[in-house]
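Single-structure report; data block below.
Letters A, B, ... mirror the listed sequences (proteins, then strands); counts begin at 1.
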Amino acid sequence: AQSVTQPDIHITVSEGASLELRCNYSYGATPYLFWYVQSPGQGLQLLLKYFSGDTLVQGIKGFEAEFKRSQSSFNLRKPSVHWSDAAEYFCAVGVGEYGNKLVFGAGTILRVKS
Amino acid sequence: SQTIHQWPATLVQPVGSPLSLECTVEGTSNPNLYWYRQAAGRGLQLLFYSVGIGQISSEVPQNLSASRPQDRQFILSSKKLLLSDSGFYLCAWGDRVEAFFGQGTRLTVV
(Lines give C-alpha, C1' and ligand atoms only; values in the text may rest on other atoms or scores of the structure.)
Protein backbone atom coordinates (compact mmCIF):
# COMPACT_ATOMS: atom_id res chain seq x y z
CA ALA A 1 0.00 0.00 0.00
CA GLN A 2 1.08 3.53 -0.59
CA SER A 3 2.40 5.47 2.36
CA VAL A 4 4.36 8.57 3.22
CA THR A 5 6.58 8.90 6.26
CA GLN A 6 7.68 12.17 7.76
CA PRO A 7 9.93 11.06 10.62
CA ASP A 8 10.16 14.43 12.36
CA ILE A 9 7.00 15.56 14.13
CA HIS A 10 8.55 18.84 15.31
CA ILE A 11 11.59 20.74 14.15
CA THR A 12 12.94 23.98 15.61
CA VAL A 13 15.46 26.09 13.74
CA SER A 14 16.87 29.54 14.25
CA GLU A 15 15.91 32.30 11.89
CA GLY A 16 18.46 32.46 9.10
CA ALA A 17 19.53 28.85 9.52
CA SER A 18 19.09 26.22 6.85
CA LEU A 19 16.23 23.75 6.91
CA GLU A 20 15.68 20.21 5.72
CA LEU A 21 12.41 18.35 6.24
CA ARG A 22 12.51 14.66 5.53
CA CYS A 23 9.99 12.64 3.55
CA ASN A 24 10.06 9.00 2.51
CA TYR A 25 7.40 7.35 0.40
CA SER A 26 6.33 3.87 -0.52
CA TYR A 27 4.75 3.51 -3.93
CA GLY A 28 5.20 0.88 -6.61
CA ALA A 29 5.03 3.11 -9.65
CA THR A 30 6.71 6.36 -10.61
CA PRO A 31 5.48 8.77 -7.96
CA TYR A 32 3.96 12.18 -8.20
CA LEU A 33 5.27 13.98 -5.14
CA PHE A 34 4.15 17.14 -3.41
CA TRP A 35 4.97 19.39 -0.50
CA TYR A 36 2.20 21.47 1.07
CA VAL A 37 2.32 24.04 3.84
CA GLN A 38 -0.47 24.75 6.30
CA SER A 39 -0.63 27.81 8.53
CA PRO A 40 -2.68 27.43 11.73
CA GLY A 41 -6.39 27.05 11.02
CA GLN A 42 -5.89 27.41 7.29
CA GLY A 43 -6.09 25.22 4.23
CA LEU A 44 -3.08 23.83 2.42
CA GLN A 45 -0.90 25.70 -0.01
CA LEU A 46 1.21 23.89 -2.57
CA LEU A 47 4.93 24.62 -2.22
CA LEU A 48 6.23 22.43 -5.04
CA LYS A 49 5.64 19.23 -6.94
CA TYR A 50 7.60 16.59 -8.79
CA PHE A 51 6.19 14.70 -11.75
CA SER A 52 9.21 13.79 -13.83
CA GLY A 53 12.42 15.20 -15.24
CA ASP A 54 14.88 17.19 -13.17
CA THR A 55 15.04 15.66 -9.72
CA LEU A 56 15.70 19.01 -8.05
CA VAL A 57 12.46 20.97 -7.94
CA GLN A 58 12.13 24.64 -7.15
CA GLY A 59 9.05 25.94 -5.41
CA ILE A 60 7.57 29.07 -3.97
CA LYS A 61 8.94 31.01 -0.99
CA GLY A 62 12.52 29.87 -1.68
CA PHE A 63 11.87 26.17 -1.06
CA GLU A 64 13.30 23.32 -3.07
CA ALA A 65 13.07 19.55 -2.90
CA GLU A 66 15.13 16.73 -4.31
CA PHE A 67 13.68 13.46 -5.52
CA LYS A 68 15.97 10.49 -4.85
CA ARG A 69 14.51 7.32 -6.28
CA SER A 70 17.17 5.07 -4.74
CA GLN A 71 16.26 6.32 -1.28
CA SER A 72 12.52 6.76 -1.93
CA SER A 73 12.88 10.25 -0.54
CA PHE A 74 11.68 13.73 -1.38
CA ASN A 75 13.23 16.03 1.20
CA LEU A 76 12.30 19.69 1.41
CA ARG A 77 15.03 22.30 1.88
CA LYS A 78 15.45 26.00 2.36
CA PRO A 79 18.84 27.70 2.72
CA SER A 80 17.71 30.44 5.11
CA VAL A 81 14.55 30.21 7.19
CA HIS A 82 12.37 33.22 7.93
CA TRP A 83 10.08 33.57 10.94
CA SER A 84 7.10 33.51 8.58
CA ASP A 85 8.01 29.95 7.56
CA ALA A 86 6.73 28.64 10.89
CA ALA A 87 3.88 26.30 9.92
CA GLU A 88 3.10 22.64 9.40
CA TYR A 89 4.50 20.96 6.32
CA PHE A 90 3.02 17.94 4.60
CA CYS A 91 4.60 15.64 2.08
CA ALA A 92 2.24 13.71 -0.20
CA VAL A 93 2.33 11.16 -2.98
CA GLY A 94 -0.26 11.13 -5.77
CA VAL A 95 -1.81 7.72 -6.34
CA GLY A 96 -4.73 6.31 -8.28
CA GLU A 97 -5.23 5.95 -12.00
CA TYR A 98 -4.00 9.45 -12.74
CA GLY A 99 -2.13 10.11 -9.52
CA ASN A 100 -4.90 12.42 -8.51
CA LYS A 101 -5.56 11.09 -5.02
CA LEU A 102 -3.11 12.30 -2.43
CA VAL A 103 -1.71 10.19 0.38
CA PHE A 104 -0.25 12.47 3.01
CA GLY A 105 2.40 12.08 5.64
CA ALA A 106 1.59 12.99 9.23
CA GLY A 107 3.22 16.37 8.88
CA THR A 108 6.17 18.20 10.43
CA ILE A 109 5.60 21.26 12.57
CA LEU A 110 8.31 23.85 12.03
CA ARG A 111 9.10 26.35 14.76
CA VAL A 112 11.41 29.26 14.05
CA LYS A 113 13.24 30.92 16.92
CA SER A 114 14.63 34.41 16.68
CA SER B 1 -9.09 31.67 -12.11
CA GLN B 2 -10.38 28.79 -10.06
CA THR B 3 -11.54 29.28 -6.50
CA ILE B 4 -12.91 26.92 -3.91
CA HIS B 5 -15.33 27.89 -1.18
CA GLN B 6 -15.92 25.87 1.93
CA TRP B 7 -18.26 26.67 4.80
CA PRO B 8 -18.73 27.06 7.64
CA ALA B 9 -15.25 27.80 8.93
CA THR B 10 -16.00 26.50 12.41
CA LEU B 11 -18.79 24.37 13.76
CA VAL B 12 -19.65 22.99 17.18
CA GLN B 13 -22.25 20.25 17.16
CA PRO B 14 -23.64 17.93 19.84
CA VAL B 15 -23.21 14.19 19.61
CA GLY B 16 -26.06 12.63 17.66
CA SER B 17 -26.86 15.74 15.64
CA PRO B 18 -26.72 15.82 11.83
CA LEU B 19 -23.97 17.42 9.78
CA SER B 20 -23.78 19.12 6.43
CA LEU B 21 -20.61 20.74 5.14
CA GLU B 22 -20.67 22.33 1.73
CA CYS B 23 -17.96 22.97 -0.81
CA THR B 24 -18.27 24.71 -4.16
CA VAL B 25 -15.74 25.34 -6.89
CA GLU B 26 -15.71 28.17 -9.39
CA GLY B 27 -13.81 28.66 -12.59
CA THR B 28 -13.54 25.06 -13.73
CA SER B 29 -15.83 22.35 -14.99
CA ASN B 30 -16.02 18.65 -14.20
CA PRO B 31 -13.36 18.83 -11.50
CA ASN B 32 -12.32 15.92 -9.34
CA LEU B 33 -13.51 16.74 -5.83
CA TYR B 34 -12.19 15.46 -2.53
CA TRP B 35 -12.99 15.52 1.17
CA TYR B 36 -10.07 15.11 3.56
CA ARG B 37 -10.05 14.99 7.34
CA GLN B 38 -7.22 16.04 9.59
CA ALA B 39 -7.48 14.72 13.12
CA ALA B 40 -5.54 16.45 15.88
CA GLY B 41 -1.82 15.71 15.58
CA ARG B 42 -2.27 13.58 12.50
CA GLY B 43 -1.93 13.99 8.79
CA LEU B 44 -4.71 14.27 6.25
CA GLN B 45 -6.83 11.28 5.41
CA LEU B 46 -8.82 11.06 2.20
CA LEU B 47 -12.46 10.38 3.02
CA PHE B 48 -14.27 10.66 -0.31
CA TYR B 49 -13.56 11.59 -3.87
CA SER B 50 -15.77 12.21 -6.86
CA VAL B 51 -15.01 12.27 -10.57
CA GLY B 52 -18.49 13.44 -11.61
CA ILE B 53 -22.06 14.21 -10.59
CA GLY B 54 -23.48 11.42 -8.46
CA GLN B 55 -20.19 9.49 -8.51
CA ILE B 56 -18.77 9.06 -5.03
CA SER B 57 -15.97 6.80 -3.87
CA SER B 58 -15.42 6.19 -0.20
CA GLU B 59 -11.89 5.59 0.94
CA VAL B 60 -12.50 4.56 4.54
CA PRO B 61 -15.51 3.13 6.39
CA GLN B 62 -17.02 5.73 8.67
CA ASN B 63 -20.02 7.58 9.96
CA LEU B 64 -19.97 10.08 7.11
CA SER B 65 -21.32 10.24 3.58
CA ALA B 66 -20.76 12.51 0.62
CA SER B 67 -22.87 13.68 -2.28
CA ARG B 68 -22.31 15.63 -5.46
CA PRO B 69 -25.64 17.02 -6.59
CA GLN B 70 -24.08 19.46 -9.07
CA ASP B 71 -20.88 19.51 -11.06
CA ARG B 72 -19.10 21.94 -8.76
CA GLN B 73 -20.77 21.17 -5.45
CA PHE B 74 -19.60 18.59 -2.96
CA ILE B 75 -21.36 17.94 0.34
CA LEU B 76 -20.19 16.03 3.37
CA SER B 77 -22.94 14.74 5.65
CA SER B 78 -23.71 12.69 8.69
CA LYS B 79 -27.03 11.63 10.14
CA LYS B 80 -25.67 11.32 13.69
CA LEU B 81 -22.33 12.75 14.69
CA LEU B 82 -19.92 10.90 16.95
CA LEU B 83 -17.25 12.40 19.17
CA SER B 84 -14.66 10.80 16.90
CA ASP B 85 -15.93 12.87 13.97
CA SER B 86 -14.23 15.94 15.43
CA GLY B 87 -11.45 17.28 13.25
CA PHE B 88 -10.49 19.66 10.50
CA TYR B 89 -12.25 18.92 7.24
CA LEU B 90 -10.79 20.07 3.97
CA CYS B 91 -12.42 20.10 0.59
CA ALA B 92 -10.22 20.07 -2.48
CA TRP B 93 -10.58 20.06 -6.22
CA GLY B 94 -8.02 18.58 -8.54
CA ASP B 95 -6.98 18.64 -12.13
CA ARG B 96 -4.92 15.76 -13.42
CA VAL B 97 -2.36 15.60 -10.66
CA GLU B 98 -2.63 18.65 -8.44
CA ALA B 99 -5.09 19.38 -5.65
CA PHE B 100 -6.25 22.82 -4.54
CA PHE B 101 -7.63 23.12 -1.05
CA GLY B 102 -10.32 25.17 0.61
CA GLN B 103 -9.79 26.93 3.91
CA GLY B 104 -11.25 24.08 5.92
CA THR B 105 -13.95 23.57 8.53
CA ARG B 106 -13.04 23.00 12.16
CA LEU B 107 -15.69 20.61 13.52
CA THR B 108 -15.95 20.00 17.23
CA VAL B 109 -18.43 17.41 18.40
CA VAL B 110 -19.37 17.86 22.05
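- The line from CG of A/Leu44 to CD of B/Gln103 is 9.5 Å long, rounded to the nearest 0.5 Å.
- A/Phe67 and A/Val103 fall within a single hydrophobic cluster, where Ile, Leu, Val, Met, Phe, Trp and Tyr side chains are chained together by heavy-atom contacts under 4.5 Å.
- Counting heavy atoms of neighbouring residues, nucleotides and ligands inside a 6.0 Å radius, atom CH2 of A/Trp83 does not exceed 12 of them.
- Contacts between B/Gln6 and chain A at a heavy-atom distance below 4.5 Å are absent for every atom of the residue.
- No continuous path of hydrophobic side-chain contacts links B/Trp93 to B/Tyr34 [ILVMFWY only; heavy atoms under 4.5 Å].
- Taking every heavy atom of both residues into account, A/Lys101 and B/Tyr49 meet most closely at CD-CE2, 3.3 Å.
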- Given the rule in the side-chain contact (heavy atoms from CB on, under 4.5 Å) test, do A/Tyr36 and B/Leu44 qualify, once you have shown the distances and angles that lead to the verdict? CA-CA 11 Å; A/Tyr36 284 86; B/Leu44 288 88; over 6 Å; no
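- Within a 6.0 Å sphere centred on CG of A/Leu56, heavy atoms belonging to other residues, nucleotides or ligands number more than 12.
- Contact residues of residues 78-90 of chain B toward chain A are B/Phe88, B/Leu90 (heavy-atom distance under 4.5 Å).
- Chain A is approached within less than 4.5 Å, heavy atom to heavy atom, by no residue from residues 17-29 of chain B.
- Proximity to chain A (any heavy atom under 4.5 Å) is shown, for B/Gln45, by neither the backbone nor the side chain.
- One finds the CD atom of A/Gln38 at 9.0 Å from the CZ atom of B/Phe101 (value rounded to the nearest 0.5 Å).
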- Message: Show, in sequence, the C-alpha distance, side-chain angles and deciding distance for A/Gln45 and B/Phe100, and conclude whether the side-chain contact (heavy atoms from CB on, under 4.5 Å) test is met.
- Response: CA-CA 8 Å; A/Gln45 181 183 25; B/Phe100 303 87; over 6 Å; no
